[in-house]
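Data block below; observations after.
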Amino acid sequence: MAKIEIKKPVVEEISASIKDAQSVVLVDYRGLTVEQDTKLRKELREAGVTYKVYKNTMMNFAFKGTDCEQLAPYLEGPSAVAISSTDATAPARILAKFAKTADKLEIKAGIVEGTFYDAKGIDVIASIPSREELLSKFLGSIQSPITNFARCMNQLAEKGGAGECEAPAAKEAVAEAPAAEEAVAEAPAEA
């Protein structure tokens, strides 16, 4: 079998995985222990992120003509790629968090939703909370005013103050109505 026939399926595999990817992050894994690498792979797998080590030439061929083509200059030395098609921030978030404990792991660059980011940019992306965290914060901010309103209404009902609050307003409306009628009745008499 020719070398091209062996390499073609690998290039097609990479191309297929980056085709619908929301994010692709390149890392240099040199110096990681087997234990660290296993732990990293487990964390990424649990988040639905594909993490693989490919030859740089294979990745270079697969990246041509895609958004990932901007990653070609970073394909030097040992490179691994983390790809997510569901959560755009997951690879960056997990890799950046893991890099804090394993100083040998180095983030090279990445593509998030079609935009190129260098290592510093990926660190910024890593600080964005996950979709689930953002949704829970959003729902909490919506729920808070409703809960406070319900609590206030409950306190008014317990004190019996809701009925007392309406009575003075009704008395004022009744007192103002005859005064307005008198003013209307006097106005035509003067003319």
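If you read the sequence from its start, that first residue is 1, and numbering goes on from there. Everything numeric here is computed off the predicted structure, so don't read it as measured data. Quick note: numbers below take in every heavy atom, side chains included, and nothing from hydrogens, waters or symmetry partners.
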Under a single-linkage definition using a 4.5 Å side-chain heavy-atom cutoff for Ile, Leu, Val, Met, Phe, Trp and Tyr, are Met59 and Tyr51 assigned to the same hydrophobic cluster?
-> no
Does Val53 share a hydrophobic cluster with Ile107, counting links as ILVMFWY side-chain heavy atoms below 4.5 Å and allowing steps through other members?
-> yes
Any side-chain heavy atom of Asp87 sitting closer than 4.5 Å to one from Arg93?
-> yes
Atom pair OG1 (Thr101) and CG (Leu40), whose distance is rounded to the nearest 0.5 Å | 9.0 Å
Are any of the side-chain heavy atoms of Ser85 and Gln22 separated by less than 4.5 Å?
-> no
Is any side-chain N of the basic residue among Lys104 and Asp28 closer than 4.0 Å to the acidic one's carboxylate O?
-> no
Calculate, to the nearest 0.5 Å, the distance between atoms OG1 and NZ belonging to Thr33 and Lys39 respectively.
-> 10.0 Å
CG of Asp20 to OG1 of Thr86: how many Å apart, nearest 0.5 Å?
-> 12.0 Å
Say you draw a straight line from OH of Tyr117 to CD1 of Ile111; how long is it, rounded to the nearest 0.5 Å?
-> 9.5 Å
Are Leu44 and Phe98 side-chain neighbours, meaning at least one heavy-atom pair lies under 4.5 Å?
-> no
Do the side chain of Lys55 and the main chain of Lys7 share a donor and acceptor less than 3.5 angstrom apart?
-> no
Residue pair Leu71 / Asn60, side-chain heavy-atom distance below 4.5 Å | no
Sidechain N-carboxylate O distance under 4.0 Å for Lys42, Glu46 | yes
So do the side chains of Val49 and Arg45 get within less than 4.5 Å of each other, counting heavy atoms only?
-> no
Heavy-atom nearest pair, Ala62 first then Ile14, reads CB-CG2, 3.4 Å
Do the side chains of Val112 and Val81 join up, straight or via other hydrophobic residues, at under 4.5 Å, putting them in one cluster?
-> no
Indicate if Ile94 and Ile128 have the same hydrophobic cluster label, given that clusters are the connected sets of ILVMFWY residues with side-chain heavy-atom separations under 4.5 angstrom.
-> yes
All heavy atoms of Ala126 vs all of Ala92, minimum pair found to be CB-O, 3.4 Å
Between Arg151 and Asn148, do the side chains contain an N or O donor and an N or O acceptor separated by less than 3.5 Å?
-> yes
Rounded distance [0.5 Å steps], OH in Tyr29 versus CZ in Arg41 | 8.5 Å
Can you hop from Met58 to Val27 via hydrophobic side chains spaced under 4.5 Å?
-> no
Excluding sequence neighbours, so at least two apart, what forms side-chain contact (heavy atoms from CB on, under 4.5 Å) with Lys52?
-> Glu13, Thr50, Tyr54
So do Leu95 and Leu105 actually touch side chain to side chain, heavy atoms under 4.5 Å?
-> yes
Compute the centroid of each ring, for Phe116 and then for Tyr74, and state whether the two points are separated by less than 6.0 Å.
-> yes
Test item: Ser144 side-chain N/O and Ser141 main-chain N/O as donor-acceptor pair under 3.5 Å | no
Using the side-chain contact (heavy atoms from CB on, under 4.5 Å) rule, pick out the option among Ile83, Val24, Leu26 that qualifies with Cys68.
-> Val24
Interatomic distance, CD@Gln36 vs OG1@Thr38, rounded to 0.5 Å, equals 10.0 Å
Glu12: what forms a side-chain contact (heavy atoms from CB on, under 4.5 Å) with it, not counting sequence neighbours?
-> Lys8
Please determine, by modelled atom types, if Asn56 and Ser79 share a side-chain donor-acceptor pair under 3.5 angstrom.
-> yes
Is the backbone N or O of Val11 less than 3.5 Å from a side-chain atom of Ser15, with the two atoms forming a donor-acceptor pair by type?
-> yes
Could you list the residues that satisfy ring-ring contact (aromatic ring centres under 6.0 Å, His included) with Phe61, not counting sequence neighbours?
-> none
Output yes when a side-chain donor or acceptor of Ser23 lies under 3.5 Å from a complementary backbone atom of Ala88, and no otherwise.
-> yes
